[in-house]
Amino acid sequence: MKTALPLFFAVAAFAQDVTREDWPQYGGGPSAWRHSALDQIDRSNVRQIVPVWAFQTGKVDGGLQSTPIVVDGVMYLATSWNRVFAIDAVTGKELWHYFYQNPREIGIIYSPVNRGVAVDSGRVFMGTLDNHVVALDRKTGRELWKTNVEDMQQCGCNITGAPLIAKGKVIVGVTGGDSAHRGYITAFDIKTGRQAWRFWTIPAKGEKGNETWLGDSWKYGGGSSWMTGSFDAELNMVYWGVGNPAADFYGESRKGANLYTDSVVALDADTGALKWHHQQIPHDVWDWDSAYECLLVDLPVNGKMRKLLINVNKGGYTFVVDRTNGEFISAWPVAKNINWIAGVNAKGELMGRNEPAIGKPTTICPSIGGGRSWNHAAYSPRTKLFYTTGIEWCQTVTVQKEDPKEGQNFFGGVFQLKMPADGGGHLDAYDPVSGKRIWTYRSKYPLLASQLSTAGDLIFTGDPEGNFFALDAKTGEKLWSFQTGSGHRGSPVTYSVRGRQYVATPSGWGSAVAGIMTQIWPETEDFPPGSTVFTFALPEVTR
Amino acid sequence: MIAVALLMAQAAADPAAVAKGEAIFAQSCSVGYCHGVGGSAGRGPRLRGRGFDRTYLVNVTRDGVPKSAMPGWKDRLSGGEIDSVVSYIMSLASATDAAPANPMPPGVGPAAVNAFKGPAQAGRGHAAFFDAQKQPRCATCHALGGRGIAAGPDLSKAASMTPKQLGAAIQATSSNHTSIVKLKNGESFPALQTGSEGGIVKLYDLTSPPPVLRSVLREEIGSIAKETGWSHGAVSKEYTAAQLADIVSYIYYAGAGTTRPVKAEELK
């Protein structure tokens with residue numbers, strides 16, 4: 001029997017960044033690497049892993065987009081419609097459940113999903129579709145407090161992302177980038193539920209940055225914060241990606257750079273005050289959020305160690321910045337079919353903007369679903385590679401003038417997906433700074449599940465057809481695959497209990513992006529929905 | 001059989017209603033992740049090339065599908081508009097192409113802003129009551145006209161109060177309904193009790209907005225005292241005297257349907 005113990009010491013330098021027995025946070029650690037030091041399952045034996053349990057959540061609407069959180073042998077799982085389950089991570093037996101009561105009439109322009117809980121100080125935290133944050137007792141699932149962040153009927157926004165914990169606060173973002181709404185990130189005291197701070201993603205009249213909005217457009221300018229941020233305890237900064245300005249496609253009534261949409265913002269963890277921002281796309285008219293994960297890693301740049309932040313945007317570009325001050329380092333694409341810009345120059349500025357025309361269809365690549373979707377990348381400190389998906393697809397966009405109605409859809413145009421010659425998906429390994437591609441794994445359909453990296457030099461992920469598989473982190477070779485019966489749209493994790501390593505993956509097809517996929521792959525309309533967690537391990541005898 | 005059904009559906013359609021419905025559909029239904037251009041599918045199901053029962057479509061469009069992403073449109077579209085959209089969706093049954101050639105029907109212009117329909121002063125009061133840029137605003141703790149967060153008292157009943165009484169309540173330095181809750185762990189906070197079930201007491205913690213609904217075990221509570229340090233006046237400081245008068249006028253309009261001009265002096 002091989003023990004994972006010695007490795008724990010070897011990686012002590014990354015204490016915060018890699019996971020071990022637990023999968024304690026949404027991104028694994030606060031740096032969002034999605035990498036585990038566990039190496040019991042490795043390239044030599046991954047072919048032998050077998051399912052040990054499956055957990056059916058019973059709500060298939062929207063699929064299962066969650067990241068299970070595992071602490072002390074208990075898995076905390078959030079599902080569509082804000083159900084939370086505590087599950088024995090060894091047996092798959094339910095310990096308790098909590099079903100949040102959303103209002104009966106609730107209009108959601110995305111899916112009724114939840115991407116995960118946060119666990120801290122004996123509590124489980126979740127953001128809800130009707131824009132509340134709830135705290136539950138970790139042992140019993142009993143509700144302790146519940147705070148209404150804003151009235152969802154008025155803002156038209158939901159919380160679907162997992163909360164981030166930093167400095168005794170539970171921090172949440174909201175959807176609403178496609179509605180007439182002004183975005184924000186809010187922190188609550190984990191003990192009392194009282195609001196600790198709020199950062200508005202769009203500056204108010206009189207504040208610096210408001211001059212980048214025409215007239216009153218800032219009040220309805222979107223700037224959602226729908227994914228989960230990262231935290232650097234040493235710098236005391238919380239990092240969050242901000243979504244697109246609204247209306248998505250019609251930009252005439254919001255002339256200007258539209259700060260802080262399509263930006264990464266660094267906030268003081270104690271006060272929520274803005275420390276720096278880096279805007280990737282001034283005046284976005286394509287619906288390219290910069291809302292995905294902020295992966296924090298220290299790497300040499302031109303021979304000098306730098307504290308970096310890596311953020312892939314929906315337009316298909318990866319932006320690397322210095323996370324101490326937001327200084328631009330590099331930008332590189334994750335998809336081939338990109339025509340909205342010709343490129344990014346050495347200063348990080350966009351070159352050759354191709355804006356969709358008002359009233360007549362313009363072909364834009366990638367599609368609104370993104371050069372990559374929100375499903376998260378992983379970073380391995382062993383290979384020093386960054387693993388992310390990319391999607392080849394296009395669309396015609398027709399811009400139409402639209403006026404804001406508070407809390408209502410505010411797209412300013414319509415889109416229709418279009419297949420390019422080489423349409424489909426891929427998962428690639430890159431040098432994170434230069435963007436040099438090391439290997440590629442091609443897939444017929446876009447890959448919409450997150451990557452999991454392990455010290456066994458494996459990358460786990462799943463595809464829309466229901467396959468959950470492992471690739472060699474060094475070569476991209478497929479080593480193992482298992483059919484779970486429904487497509488993958490969530491985030492696999494790994495953990496260990498009493499010396500046995502487990503790999504768990506959500507399986508369950510659904511989501512807004514899965515919905516629009518049917519416009520170019522009509523057969524996917526019949527892909528079976530589901531909502532199950534499958535857990536794998538080496539057979540007892542082999543270990 | 002299918003051909004006959006389609007012919008009947010088409011025969012029943014009034015071309016003007018279909019055209020009007022197409023324009024509404026383009027702005028309300030096909031947008032974003034919803035039903036796609038011409039009902040070609042998105043996050044919402046495909047509506048193109050499928051047959052539907054008219055009554056079913058009217059009901060779903062009007063009321064939405066409970067516990068789903070499909071909202072009811074009865075508050076946003078008139079009965080006539082809903083009929084037109086339904087006529088348009090019915091007309092899509094015979095479509096054989098994946099999406100329409102022209103994604104933007106003629107005549108789609110800017111949509112009317114959801115303006116408050118009511119007297120001018122109540123309209124200003126409504127805007128102030130729900131002003132999303134204010135933290136807190138009245139709607140942070142009160143629901144009115146079917147909107148807002150109902151932590152504090154139901155204000156639809158407040159329409160029976162005189163302007164002077166309302167002014168006193170809004171600018172109150174003392175409070176009738178709140179208490180000070182002391183927990184055995186030493187914590188204490190001003191609260192509005194909302195109910196108890198089993199051994200659990202539910203309280204709105206009013207220490208700072210937004211209110212926090214706390215579920216406290218009865219055995220955790222040391223005492224609940226009537227006198228309190230909480231004052232409603234602090235939240236009304238967000239507003240000018242003129243705005244408070246507008247808000248009172250809105251309370252009358254929303255609660256009792258009456259148009260009643262209110263002057264700032266009347267609140268004193």
Side-chain angles (χ1 to χ4, degrees), chain A residues 61-62 81 102 104-112 142-151 153-155 178 181-182 188 192-195 198 204 219 248 359-361 368 396 398 400-409 411 413-417 511-516 518-519 522 525, chain B residues 26-28 30-34 36-38 40-46 63-64 66-73 76 98-100 102-104 108-115 130 132-133 135 139-140 143 146-149 151 187 189 200 205 207-217:
Chain A
D61 194 3
W81 294 109
N102 275 293
R104 222 181 102 80
E105 255 196 52
I106 180 169
I108 306 159
I109 54 173
Y110 314 99
S111 297
R142 183 172 81 79
E143 185 179 297
L144 300 173
W145 58 255
K146 169 168 115 171
T147 306
N148 197 338
V149 183
E150 287 284 347
D151 181 11
Q153 278 211 65
Q154 187 177 347
C155 67
D178 312 311
H181 153 76
R182 178 178 171 222
F188 299 90
T192 63
R194 289 175 203 145
Q195 182 173 318
R198 165 167 298 179
K219 288 185 182 170
D248 299 52
K360 75 171 213 278
I368 184 180
T396 53
T398 311
Q400 57 191 46
K401 181 177 177 342
E402 194 170 330
D403 293 324
K405 286 167 262 163
E406 188 182 25
Q408 307 273 316
N409 289 357
F411 281 92
V414 291
F415 63 91
Q416 178 70 31
L417 267 57
S511 82
V513 171
I516 61 170
T518 61
Q519 294 179 4
E525 188 178 333
Chain B
Q27 209 139 52
S28 300
S30 69
V31 294
Y33 294 101
C34 301
V37 173
S40 59
R43 145 76 187 139
R46 174 168 55 86
D63 301 326
K67 290 271 170 194
S68 88
M70 172 67 187
W73 290 83
R76 294 177 255 196
N102 175 16
M104 268 246 304
V108 173
V113 176
N114 236 19
F130 292 101
Q133 314 311 329
Q135 257 212 320
T140 303
R147 282 200 159 187
I149 299 170
E187 204 194 334
F189 52 87
I200 295 166
D205 176 348
T207 305
S208 58
V212 182
L213 184 60
R214 297 179 64 167
S215 302
V216 185
L217 293 177

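Just so we're on the same page: letters track the sequence lines, and every chain starts at 1. Quantities reported herein were computed from a predicted structural model and do not represent experimental measurements.
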Contact class of [X] relative to chain B, heavy atoms under 4.5 angstrom:
{"X": "A:A204", "value": "neither"}
{"X": "A:S111", "value": "both"}
{"X": "A:D178", "value": "side chain"}

message: Treating B:R147 as the side-chain partner and A:D151 as the backbone partner, does any N or O pair qualify as donor plus acceptor under 3.5 Å?
response: no
- prompt: Taking the side chain from A:Q519 and the backbone from B:G36, do they hold a donor-acceptor pair closer than 3.5 Å?
  reply: no
task: Name the member of A:T192, A:V149, A:V513 that forms the most heavy-atom pairs with chain B at distances under 4.5 Å.
output: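 The option with the most such pairs is A:T192.
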- request: Check whether any side-chain heavy atom of A:Q195 lies under 4.5 Å from a side-chain heavy atom of B:P210, and answer yes or no.
  value: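 A side-chain contact under 4.5 Å exists here.
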task: List in chain and number order the residues that pass salt bridge (Lys or Arg N to Asp or Glu O under 4.0 Å) with B:D205, two or more places apart in sequence or in another chain; answer none if no residue qualifies.
output: A:R194, B:R214
task: Sequence neighbours left out, what passes salt bridge (Lys or Arg N to Asp or Glu O under 4.0 Å) with A:R198? Give chain and number order.
output: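 Salt bridge (Lys or Arg N to Asp or Glu O under 4.0 Å) list for A:R198, sorted by chain: A:E150.
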Distance, nearest 0.5 Å, that separates CG of B:L213 from CD of A:E143: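 Between B:L213 CG and A:E143 CD, I get 6.5 Å after rounding to 0.5 Å.
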- prompt: Atom CD of A:Q153 and atom CD1 of B:I149: how far apart are they, to the nearest 0.5 Å?
  reply: 10.5 Å
Engaged part of B:P45 at the chain A interface, taking heavy atoms whose separation is under 4.5 Å: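 When you check distances to chain A, no heavy atom of B:P45 falls under 4.5 Å.
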- line: Bottom line for B:S28: the part with an atom under 4.5 Å from chain A's heavy atoms is backbone
message: Could you go through A:K405 and B:R76, starting from their C-alpha distance and side-chain angles, then the distance that decides it, and tell me whether this counts as side chain to side chain contact (heavy atoms under 4.5 Å, CB included)?
response: CA-CA 10 Å; A:K405 286 167 262 163; B:R76 294 177 255 196; over 6 Å; no
Looking only at heavy atoms, what is the nearest atom pair of [X] and [Y], with distance?
{"X": "B:P211", "Y": "A:T147", "value": "O-CG2, 3.9 Å"}
{"X": "A:W145", "Y": "B:V212", "value": "CB-CG1, 3.8 Å"}
{"X": "B:S215", "Y": "A:R142", "value": "O-NH1, 3.3 Å"}

